[in-house]
There are 2 protein chains.
Amino acid sequence: MVGMSLRHAVLGLLADRPASGYDLMKRFETSLAHVWSATQSQVYGELGKLADGGLVEVSAEGPRGRKEYAITPAGRAELRHWLTEVEPVRTRRSDSLLRVFFLGELTRLEARTYLLGEAERQARQLAGLKEAEAAIDWGDDPLSVHGRLAMEYGKRLSEMHEEWARWAAEQLTP
Amino acid sequence: MVGMSLRHAVLGLLADRPASGYDLMKRFETSLAHVWSATQSQVYGELGKLADGGLVEVSAEGPRGRKEYAITPAGRAELRHWLTEVEPVRTRRSDSLLRVFFLGELTRLEARTYLLGEAERQARQLAGLKEAEAAIDWGDDPLSVHGRLAMEYGKRLSEMHEEWARWAAEQLTP
DNA sequence: AGGATCATGTAAGATGTTACATGATTAG
DNA sequence: CTAATCATGTAACATCTTACATGATCCT
């Protein structure tokens with residue numbers, strides 16, 4: 001029990017509404033795609049552990065063995081506790097930034113190429129986010145409201161990253 | 001052998017100059033602190049695996065069982081390959097952004113408090129980076145040059161994050 | 001002499017990824 | 001009837017964290 005934000009991601013999604021493991025997977029792949037990733041085996045595994053711990057319960061069963069889980073009061077309490085009492089941990093690990101440190105192994109031209117490629121990737125990322133933003137049917141529900149805040153963060157991050165990459169490429173131009 | 005950037009972090013540091021596991025740990029805790037974290041057991045374990053694979057070799061032995069490792073041509077080739085041919089993977093996982101999604105579980109006041117706390121954390125982070133920047137004796141060597149680029153990224157990220165958090169807090173103010 | 005620092009390693013457990021395995025139901 | 005989708009789960013392996021364990025050497 002070290003970091004375990006997967007647990008809180010599952011609780012958070014179930015706090016919005018009950019869902020099956022399959023439903024949750026779709027939400028990890030859409031709304032949470034740029035925020036927290038999870039694999040199918042993680043999600044099913046975590047649902048089992050949460051149910052054992054009484055933080056969620058099977059609220060309905062459906063066709064094809066479908067099990068719909070709902071958050072329990074204990075689960076909601078744990079979610080609130082995490083949101084209000086637990087310091088966010090940032091184990092910073094950025095593959096793309098790590099590379100920057102070692103760009104000295106490459107020629108200037110190669111290093112510049114890497115940085116400009118990075119700028120391009122971020123530009124594409126930003127375009128994708130804007131597209132997604134336009135396609136989403138934003139409502140007034142809490143998840144929409146806060147999803148918009150997260151979306152704005154993603155856009156600002158991509159913009160910042162792209163600008164920085166272009167600036168960094170320039171720094172390497174004698 | 002899935003992501004394995006730890007391996008490349010070690011190779012990258014050894015490409016700069018030979019070092020012991022102990023030396024590497026200090027560099028993970030300083031230069032790479034905001035870029036890639038590693039624990040002692042990971043570092044010693046990875047050095048063993050890299051030596052087995054012929055990507056590094058023991059270049060000198062010293063007191064207290066000290067073993068200094070140097071990168072081999074094969075290791076340098078692997079580093080170059082990673083830098084130029086392998087797409088950066090971003091398994092985006094942001095604890096602090098995940099929370100934003102679930103802020104609907106809290107009252108408006110609590111949510112605003114969270115966001116303003118986030119702004120404060122980022123302001124402190126920025127101050128810490130500026131202090132570190134001033135304290136570092138930047139040279140003209142490749143690692144210094146590229147370290148400065150990474151430092152600039154960190155500063156821009158903190159600034160952006162803080163501004164965003166204040167903006168988001170305002171959005172929740174009716 | 002004794003505390004700080006240097007120095008390496010192992011073990012157990014938590015977390016994450018990939019691949020495998022299976023089958024029911026629905027829509028065209 | 002058949003392809004797509006829904007639906008759950010396990011196994012093996014990779015990665016990361018925490019804690020334990022040990023001892024040499026340097027500085028004052």
Side-chain angles (χ1 to χ4, degrees), chain A residues 1-11 13-14 18-30 32-33 35-53 56 58-69 82 89-95 98, chain B residues 1-11 13-14 18-30 32-33 35-53 56 58-69 82 86-87 89-95 98:
Chain A
M1 214 202 272
V2 189
M4 271 205 327
S5 288
L6 170 69
R7 154 159 305 194
H8 299 106
V10 169
L11 284 174
L13 289 172
L14 292 179
S20 66
Y22 190 86
D23 295 339
L24 290 177
M25 269 316 292
K26 277 187 297 188
R27 301 185 69 186
F28 272 103
E29 283 158 9
T30 54
L32 294 187
V35 172
W36 203 270
S37 72
T39 62
Q40 195 224 42
S41 35
Q42 271 186 297
V43 169
Y44 283 108
E46 194 61 45
L47 281 171
K49 283 182 235 164
L50 285 167
D52 288 347
V56 307
V58 176
S59 58
E61 304 205 21
R64 283 166 291 208
R66 175 187 173 91
K67 280 187 284 188
E68 200 170 77
Y69 290 88
W82 173 71
V89 288
R90 55 188 104 275
T91 308
R92 273 195 209 260
R93 262 183 192 145
S94 164
D95 190 335
L98 180 62
Chain B
M1 217 200 274
V2 188
M4 270 204 328
S5 288
L6 169 68
R7 154 160 304 197
H8 298 106
V10 169
L11 284 174
L13 289 172
L14 291 180
S20 67
Y22 190 85
D23 295 339
L24 291 177
M25 268 316 292
K26 279 188 295 189
R27 303 184 70 187
F28 272 104
E29 284 158 8
T30 53
L32 293 187
V35 172
W36 202 271
S37 71
T39 63
Q40 194 226 41
S41 36
Q42 270 186 298
V43 168
Y44 284 107
E46 194 62 45
L47 280 172
K49 282 183 236 163
L50 285 167
D52 288 348
V56 306
V58 176
S59 58
E61 304 205 21
R64 284 165 292 209
R66 176 186 172 91
K67 280 186 281 187
E68 201 170 77
Y69 291 88
W82 174 69
V86 182
E87 276 278 294
V89 288
R90 57 187 102 277
T91 309
R92 272 195 210 262
R93 266 187 186 139
S94 163
D95 190 335
L98 180 62

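We name chains A, B, ... by the order of the sequence lines, and we start the count at 1 in each one. Owing to the predicted nature of the structure, the values given are computational and were not obtained by experimental measurement.
Taking A51(A) as the reference, V56(A), Y69(A) meet the side-chain contact (heavy atoms from CB on, under 4.5 Å) condition, with sequence neighbours excluded. For the salt bridge (Lys or Arg N to Asp or Glu O under 4.0 Å) test, residues two or more places apart in sequence or in another chain that qualify with E87(B) are R121(A). Legend: residues meeting side chain to side chain donor-acceptor pair (under 3.5 Å) with R64(B), ordered by chain and number and at least two apart, are absent. Residues forming a salt bridge (Lys or Arg N to Asp or Glu O under 4.0 Å) with R92(A) (at least two apart in sequence, or on another chain): none.
Each of A38(A) and E68(B) was matched to the nucleotide of DNA chain C holding its nearest heavy atom; the match closer to the 5' end belongs to E68(B). Heavy-atom nearest nucleotides on DNA chain C were determined for W36(A) and for G21(B), and the one closer to the 5' end corresponds to G21(B).
Residues L47(A) and L24(A) are in side-chain contact: their nearest non-hydrogen atoms beyond the backbone lie under 4.5 Å apart. Looking at heavy atoms from C-beta onward, L13(B) lies in side-chain contact with L32(B) at the 4.5 angstrom threshold.
If you take CE of M25(B) and P of dC6(C), they are 13 Å apart, rounded to a whole angstrom. One can place CG of L47(B) at 11 Å from C1' of dT8(C), the figure rounded to the nearest angstrom. Rounded to a whole Å, the NZ atom of K49(B) is 12 Å from the C1' atom of dC13(D). Atom CD in E61(B) sits about 16 Å away from atom P in dA24(D), given to the nearest Å. As rounded to whole Å, 10 Å separates atom C1' of dA7(D) from atom CG of D23(A). Regarding Y22(A), its OH atom lies at a distance of 13 Å from the P atom of dA4(D), rounded to whole Å. Between the CG atom of L24(A) and the C1' atom of dA7(D) there is a distance of 13 Å, rounded to whole Å. Whole-Å rounding puts the R27(B) CZ to dC6(C) P distance at 15 Å.
The overall bend of the helix from dA1(C)-dT28(D) to dG28(C)-dC1(D), read as the angle between its terminal helix axes built from five base pairs each, is 30° when rounded to 10 degrees.
Sorted by first and then second residue, the side chain to side chain donor-acceptor pair (under 3.5 Å) pairs involving residues 36-46 of chain A (not counting sequence neighbours) are R7(A)-E46(A), S37(A)-R93(B).
L14(B) and A19(B) make their closest contact through CD2-N, 3.6 Å (heavy atoms, listed as atom of the first residue, atom of the second, distance). Residue L98(B) comes nearest to S5(A) through the heavy atom pair CD2-O, 3.7 Å, listed as atom of the first residue, atom of the second, then distance.
With dT17(C), dC16(D), dT5(C) as the choices, the nucleotide that has an atom nearest any side-chain atom of L6(B) turns out to be dC16(D).
Between D52(A) atom CG and K49(A) atom NZ the span is 10.0 Å, to the nearest 0.5 Å. To the nearest 0.5 Å, the span separating CD on E61(A) from CZ on R66(A) amounts to 11.0 Å.
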Are there any protein N/O atoms within less than 3.5 Å of an N/O atom in nucleotides 23-28 of chain C, and if so, which ones and at what distance?
none

Grab the N/O contacts between the protein and nucleotides 9-11 of chain C below 3.5 Å, and write none if there aren't any.
from   : atom 1 : to     : atom 2 : distance (Å)
dG9(C) : OP1    : K67(B) : NZ     : 2.6
dG9(C) : N7     : Q40(B) : OE1    : 3.3
dG9(C) : O6     : Q40(B) : OE1    : 2.9

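A donor-acceptor contact shorter than 3.5 Å links the side chain of S20(B) to the backbone of D23(B).
For Q42(B) and dT15(D), the shortest distance from a side-chain N or O to OP1 or OP2 is not below 4.0 Å. Applying the 4.0 Å criterion to OP1 and OP2 of dC16(D), one finds that R93(B) has every side-chain N and O outside that range.
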